[in-house]
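Data first, discussion second: the structure below is written as structure tokens.
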Protein chains: 2
Amino acid sequence: MAHQTVGHGGVGVLSGCPAAAAEPDPSCPIEITLAVLKGRWTPLVFGEFLSGERTYSELSRALPALSDKVLSERLAQLTSAGVLERRRTPGWPVRVTYELTERGRALVPVLAAMRHWGAEAIPS
Amino acid sequence: MAHQTVGHGGVGVLSGCPAAAAEPDPSCPIEITLAVLKGRWTPLVFGEFLSGERTYSELSRALPALSDKVLSERLAQLTSAGVLERRRTPGWPVRVTYELTERGRALVPVLAAMRHWGAEAIPS
DNA sequence: CTGAATCCCTGCCGATACTG
DNA sequence: CAGTATCGGCAGGGATTCAG
């Protein structure tokens, strides 16, 4: 299994990306996953949902240094990625809760793998 | 393995980060892993090493649209993260080869998990 | 051959203010 | 309560040029 000249075209970890990728491809599965987690605060926001559903104000209270703008952006990002589900309770006051979808829960083991790798300190 | 009510304080996916993280913590294992993969071209550069060692010019040829500046940055980023090892062949012409370290190979399953999750299309 | 230095442009993020 | 609008600062990344 010495290095063969074949790229990662069909079977490698990067399969789904063009073999001789001229450019980074947003449709590459790995890029998709990275895009979901991309941006500051995203992992922390995601982590808030590990123990159940959350409202906007709960999140805002749990992460005080996170501005409304970015919180909205992250919730929209995770929602449009299918990771969170947004549910509006009619009536007053307006109450919106977010919670993990099935796809969101499927992301947990992925994060766990990342955590495991990142936890092994680099010998300085 | 239904979702437990416990937070991410000690045992969750985000363990290693401050429980009530006031701010995103660069020392969080997940943030560490994301930082390694961070930036445009990084996954593609990493993928080049799946089939063995590479020289600077080989990488440059394999990824023509990638500028020297960013290629240098990525190689430095991955090297300082302990993912790649840099080896200089003395003499002329100057020849530098990079290859995956043990830690770099340990990253492959992580990428595989990300690829697996990203490959499941969102039902539009 | 393998990069580093510079310049510039774009996109992200924070702060603040405002709306349904 | 749950966001959106706007603006400014700063870092990321592309093109080009220079150096060891």
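Residue numbers start from 1 in every chain, and the chains themselves are labelled A, B, ... in the order their sequence lines are given, proteins ahead of strands. Model, not experiment: these values are computed from the prediction.
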Fill in: Nearest-Å distance for atom pair CZ/P, residues B:Arg61 and C:dC1
8 Å

Worksheet item: Can you check the A:Leu44 CG to C:dC13 C1' distance for me, whole Å?
Response: 15 Å

Discussion item. Please check this pair: side chain of A:Arg74 against backbone of A:Arg40, looking for a donor-acceptor N/O pair closer than 3.5 Å.
Written reply: yes

Item to complete: Mind calculating the distance between CH2 (B:Trp92) and C1' (C:dG3) to the nearest angstrom?
Response: 12 Å

Worksheet item: Once you round it to whole Å, what is the distance between P of C:dC1 and CG of B:Leu71?
Response: 13 Å

Worksheet entry | Nearest to side-chain heavy atoms of A:Val70, which nucleotide of C:dC1, C:dA5, C:dG14 | C:dG14

Practice prompt. Would you check if the side chain of B:Arg87 reaches a backbone N or O of B:Glu99 as a donor-acceptor pair within less than 3.5 Å?
Written response: no

Worksheet item: Nearest of C:dG14, C:dC7, C:dT2 to any side-chain atom of B:Tyr56?
Response: C:dT2

Response to the item:
Heavy-atom nearest nucleotide on DNA chain D taken for B:Arg40 and for A:Val96; more 5' hit belongs to A:Val96

Fill in: B:Leu75/B:Arg86 under side-chain contact (heavy atoms from CB on, under 4.5 Å): CA gap, chis, key distance, verdict
CA-CA 9 Å; B:Leu75 291 172; B:Arg86 184 179 191 270; over 6 Å; no

Item to complete: Indicate the atoms forming the closest heavy-atom contact of B:Pro109 with B:Ala106, along with that distance.
Response: CD-O, 3.3 Å

Worksheet item: When A:Leu37 is tested against each of B:Thr33, B:Leu34, B:Ile30 for side chain to side chain contact (heavy atoms under 4.5 Å, CB included), which residue passes?
Response: B:Leu34

Discussion item. With a 3.5 Å distance limit and no angle check, can you tell me whether B:Thr101 reaches the backbone of B:Val83 through a side-chain donor-acceptor pair?
Written reply: yes

Worksheet item: B:Glu58 CD to C:dG3 P: how many Å, rounded?
Response: 13 Å

Worksheet item: Distance check: side-chain N/O of B:Ser72 vs OP1/OP2 of C:dT2, anything under 4.0 Å?
Response: no

Item to complete: Please state how far atom NZ in B:Lys69 lies from atom P in C:dA4, giving the value in whole angstrom units.
Response: 12 Å

Worksheet item: If you walk 5' to 3' along DNA chain D, what is the first nucleotide with an atom under 4.0 Å of a heavy atom in chain B, and what is the last?
Response: D:dG13 to D:dA15

Worksheet item: Tell me: CZ of B:Arg54 to C1' of C:dT2, nearest whole Å?
Response: 17 Å

Item to complete: Would you check if the side chain of B:Trp117 reaches a backbone N or O of A:Pro29 as a donor-acceptor pair within less than 3.5 Å?
Response: no

Practice prompt. Look at all strands and tell whether A:Arg88 reaches a base, only sugar-phosphate, or nothing, counting heavy atoms closer than 4.0 Å.
Written response: nothing

Practice prompt. Identify whether the distance between the nearest side-chain nitrogen and carboxylate oxygen of A:Arg61 and A:Glu58 falls below 4.0 Å.
Written response: no

Fill in: Lys/Arg-Asp/Glu bridge criterion (N-O < 4.0 Å) met for A:Lys38, A:Glu31
no

Practice prompt. Identify whether any heavy atom of A:Trp41 sits under 4.0 Å from a base atom; if not, whether one sits that close to sugar-phosphate; answer base, sugar-phosphate or nothing.
Written response: sugar-phosphate

Response to the item:
Rounded to whole Å, the CG-C1' distance (A:Asp68 to C:dT19) equals 13 Å

Item to complete: Compute the bend angle of the helix from C:dC1-D:dG20 to C:dG20-D:dC1 from the end axes (five pairs per end), rounded to 10°.
Response: 50°

